[in-house]
Student: 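Handing you a structure now.
Numbered from 1 within each chain, the chains take letters A, B, ... in sequence-line order. Computed from a prediction, not measured in an experiment: that's the story for all the values here.
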2 protein chains.
Amino acid sequence: MSKNAEFIDKLRSSGLRPTKQRLKICEVLFNRDKTFHFTINDLSKIISDKLGEKISLATVYNTVHAFKNKGYLKEISINSDKSYFDTNISNHHHFYDQDTNELIDCDNELIGNVNIKKNITGKKINSVEVLIKVASDNQNQN
Amino acid sequence: MSKNAEFIDKLRSSGLRPTKQRLKICEVLFNRDKTFHFTINDLSKIISDKLGEKISLATVYNTVHAFKNKGYLKEISINSDKSYFDTNISNHHHFYDQDTNELIDCDNELIGNVNIKKNITGKKINSVEVLIKVASDNQNQN
DNA sequence: CAACAGTTTAGAATAATTATAATGTATTGT
DNA sequence: ACAATACATTATAATTATTCTAAACTGTTG
């Protein structure tokens, strides 16, 4: 089955119509080996600059959020002014390079199991994420 | 020494002039027993609504950032559209209640040491933060 | 108390994101 | 295949958080 047909299936099976725009975005996001970290702006730029396609910014937002809601993307917590997304939807952690504003996946084996000894009463744990901020120099950026 | 005199010292010793506005903000932030989590908007509301004072929003931003840079506040990474700050500047982790958008400190003893087996080459670790997202129901909010 | 540097302020500017409402397109039933 | 419908896309406006600006103000130093 072609990649494109796979994407069509994937979309249909989750109740999303396989439109041109969504398929193009699928290609950009999911047609790769390594996981991909991006902001809406990154994605939008790739589509217009590298691919020379024109997809409305609103559609990029809509699509990314639809994909996130369907579980095809994960939104990552960064102390920042914009949202980061990750094509790696498994439970994993991140390095955040403060010099370049880049997110890097952190293999789960690199971090021992984070065990939470006591949870808030009456609440269910939805996720546990470790964010490791790194930078090259000796300044105390937080 | 009165609380106010303490704040004046604290500010002076870090090269910040003890202005009316900064002292008022010190009172709100540091004159409490428990740690305090807030957004700029929260703080601004407390000042105007509860205290009936008028401090320009720009000043609130300036002051909070000055305090953060001096190490009196910590900025917390939340997957959100706004910045959260914490008066607890020690190295610690957080619960984030997705129902109420509330941040709750997580005692370090509740989480075993997070040991990172391998860091990114050439970079220095500035911080390691665990964020535990909790919610009351069975929906898979992320 | 004068001079200076640091601060506050209102409002403008910017940036990320969401809402709107008209137009366009995939799907469904016939 | 085709009309009807529901869902999507789009440009643009609106909103929200934050930063910038330049003028007025205030704490500090001599």
Student: What is the distance from OH of Tyr61(B) to P of dT14(C), rounded to the nearest Å?
Tutor: 17 Å
Student: I'd like to compare against my own output: the B/S/- annotation of nucleotides 7-13 of chain D with a strict under-4.0 Å heavy-atom distance to protein.
Tutor: BSSBB--
Student: Starting at atom CG of Asp42(A), determine the distance to atom C1' of dT17(C), rounded to an integer number of angstrom.
Tutor: 15 Å
Student: With sequence neighbours excluded, tell me which residues meet side-chain contact (heavy atoms from CB on, under 4.5 Å) with Asn101(A).
Tutor: Tyr84(A), Tyr96(A)
Student: Rounded to whole Å, how long is the line connecting atom CG of Leu43(B) with atom P of dA17(D)?
Tutor: 14 Å
Student: Do Ile78(A) and Ile132(B) share a hydrophobic cluster, counting only Ile, Leu, Val, Met, Phe, Trp and Tyr and linking them when any side-chain heavy atoms are less than 4.5 Å apart?
Tutor: no
Student: Specify the angle, to 10°, made by the local axes at the two ends of the helix from dC1(C)-dG30(D) to dT30(C)-dA1(D) when five pairs are taken at each end.
Tutor: 30°
Student: Can you find a heavy atom in the side chain of Lys70(B) that is under 4.5 Å from one in the side chain of Leu16(B)?
Tutor: yes
Student: Report all side-chain donor-acceptor pairs from residues 50-59 of chain B shorter than 3.5 Å, counting only partners two or more places apart or in another chain.
Tutor:
unit_1	atom_1	unit_2	atom_2	d
Ser56(B)	OG	Ala58(B)	N	3.2

Student: Once you round it to whole Å, what is the distance between P of dT17(C) and CZ of Phe38(A)?
Tutor: 11 Å
Student: Could you state the atom-to-atom distance from NZ of Lys68(A) to P of dT17(C) in whole Å?
Tutor: 11 Å
Student: Is the cationic atom of Lys133(A) (NZ for Lys, CZ for Arg) positioned less than 6.0 Å from the six-membered ring centroid of Phe95(A) and within 45 degrees of its normal?
Tutor: no
Student: NA contact type, Ser83(B), heavy-atom cut-off 4.0 Å: base, sugar-phosphate, or nothing?
Tutor: sugar-phosphate
Student: Are there over 12 heavy-atom neighbours, none belonging to Lys117(A), within less than 6.0 Å of that residue's NZ?
Tutor: yes
Student: Report the residues that fulfil salt bridge (charged side-chain N to carboxylate O under 4.0 Å, His left out) with Asp97(B), sequence neighbours left out, ordered by chain and then residue number.
Tutor: Lys123(A)
Student: Establish, with yes or no, whether the OP1 or OP2 oxygen of dT28(D) is under 4.0 angstrom from a side-chain nitrogen or oxygen of Arg12(B).
Tutor: yes
Student: Can you tell if the side chain of Lys74(B) reaches within under 4.5 Å of the side chain of Asn88(B), non-hydrogen atoms only?
Tutor: no
Student: Starting at CD1 of Ile8(A) and ending at C1' of dT25(C), how long is that distance when rounded to a whole Å?
Tutor: 14 Å
Student: Can you tell me which residue pairs pass the ring-ring contact (aromatic ring centres under 6.0 Å, His included) test with a partner in residues 10-32 of chain A, sequence neighbours excluded?
Tutor: Phe30(A)-Phe67(A)
Student: Check the distance between dG27(D)'s C1' and Leu23(B)'s CG and give it to me in whole angstrom.
Tutor: 12 Å
Student: Take the protein atom NZ of Lys82(A) and the nucleotide atom P of dT14(C), then report the distance between them rounded to whole Å.
Tutor: 16 Å
Student: Taking for each residue the nucleotide of DNA chain D bearing the nearest heavy atom, is the 5' side occupied by Pro18(B) or by His65(B)?
Tutor: His65(B)
